[in-house]
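Keep in mind it's a predicted model, so treat the numbers as computed, not measured.
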Amino acid sequence: MPIDLICLDADDTLWHNMRFFAAAEQAFADLVAPFADDAAARARMQAIEVRNLRHYGYGAKSFTLSMIETALELAGDDLSAAAVRRILAIGRELLAHPVELLDGIGETLERLAGMGRLVLVTKGDLLHQEVKLAASGLGQLFTGVEIVSDKRADTFVRVFHRYGCAPERAVMAGDSMRSDVLPALEAGAWGAFIPQPMAWAHEAATAPVDHPRFRQLASLADLPDWIAEMERDR
């Protein structure tokens with residue numbers, strides 16, 4: 001049975017994302033430097049981010065709320081209104097960053113679109129992800145867009161059912177082992193891991209190197225060849 005559904009992550013799979021979060025985190029660490037050193041501020045911020053995922057989900061707005069909460073924990077009543085305004089400005093800058101496609105993404109997606117139906121499966125704020133997809137110029141290549149609060153095995157089961165696709169005829173590709181690869185494999189699909197150097201530690205997990213439906217790729221440009229290979233081997 002050939003691959004029918006090709007599910008793709010968005011942030012840091014199609015376009016740059018973590019570089020902008022890294023710049024925002026640096027700006028935040030500089031802002032709270034009077035109250036904590038760089039390492040302590042980053043560690044506290046990351047712990048609060050993870051803690052707040054169940055309240056606010058993923059994305060720039062959640063990140064902004066976590067910056068405010070972290071600043072309050074570090075500075076207490078010494079946190080000024082000017083500092084809060086600066087944090088809000090950092091968050092707005094994060095929401096307004098340009099969409100910069102990874103190298104060769106347009107050509108790769110056109111090739112993939114000739115091999116199966118493309119579905120974007122991404123976490124994050126609904127409005128922000130919709131804006132980024134529109135700005136990317138890639139929207140017309142996708143059969144569907146699924147912006148979800150988290151990616152678990154049951155998330156992919158629902159996606160496959162929605163598009164009338166058996167799991168063994170679906171592949172998911174992305175830069176997160178925890179969110180893109182492992183739950184897709186658990187749901188019965190194929191999983192392609194495309195690592196990127198600035199990955200958030202929260203998204204890390206042990207690679208299932210012996211899993212017959214798993215492959216680590218150097219870039220998304222390698223996905224069409226892997227799909228062609230798996231179809232030849234069936």
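Here the closest non-hydrogen pair linking Cys7 and Phe160 is SG-CE2, 4.1 Å. Minimum heavy-atom separation, Ile87 to Ala71: CD1-CB, 3.7 Å. Between Leu185 and Arg213, the closest heavy-atom pair is O-NH2, 2.8 Å.
Taking 4.5 Å as the limit, some side-chain heavy atom of Asp175 sits within range of a side-chain heavy atom of Asp180. Inter-residue side-chain proximity for Leu120 and Leu14 is flagged as met; some heavy-atom pair is nearer than 4.5 Å.
Judged as a side chain to side chain contact (heavy atoms under 4.5 Å, CB included), and not counting sequence neighbours, the contacts of Leu217 are Ala192, Ile194, Arg215, Asp222, Leu223, Trp226. Not counting sequence neighbours, Phe214 has no partner by the ring-ring contact (aromatic ring centres under 6.0 Å, His included) test. Residues satisfying the ring-ring contact (aromatic ring centres under 6.0 Å, His included) test with His211, not counting sequence neighbours, are none. Remark: Ala205 engages Met177, Arg178, Leu182 in a side chain to side chain contact (heavy atoms under 4.5 Å, CB included) (not counting sequence neighbours). Qualifying side chain to side chain contact (heavy atoms under 4.5 Å, CB included) partners for Thr143, counting only residues two or more places apart in sequence or in other chains: Arg117, Tyr163.
Under 4.0 Å is where a charged nitrogen must lie from a carboxylate oxygen, and between Arg158 and Glu146 no such pair does. For Glu69 and Arg44, the salt-bridge test fails: no basic side-chain N is under 4.0 Å from an acidic carboxylate O.
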Taking distance alone, no hydrogens or angles, what donor-acceptor pairs closer than 3.5 Å link side-chain atoms of residues 104-115 to residues at least two apart or in another chain?
| residue | atom | partner | partner atom | Å |
| --- | --- | --- | --- | --- |
| Thr108 | OG1 | Gly104 | O | 3.0 |
| Arg111 | NH1 | Asp225 | OD1 | 3.4 |
| Arg111 | NH2 | Asp225 | OD1 | 2.7 |

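The OG1 atom of Thr70 lies 4.5 Å from the CZ atom of Phe28; values are rounded to the nearest 0.5 Å.
Within a 6.0 Å sphere centred on CD of Glu186, other residues, nucleotides and ligands contribute 12 heavy atoms or fewer.
Inspection of the Glu203 and Ser179 side chains reveals an N or O donor paired with an N or O acceptor under 3.5 Å.
Checking side-chain atoms of Thr64 against main-chain N and O of Ala60 turns up a donor-acceptor pair under 3.5 Å. Within the 3.5 Å criterion, the main-chain N or O of Met18 finds a donor-acceptor partner in the side chain of Asp12.
Between His97 and Phe20, the angle of the ring planes stays under 30°, which puts this pair in the parallel group of the 30/60° scheme.
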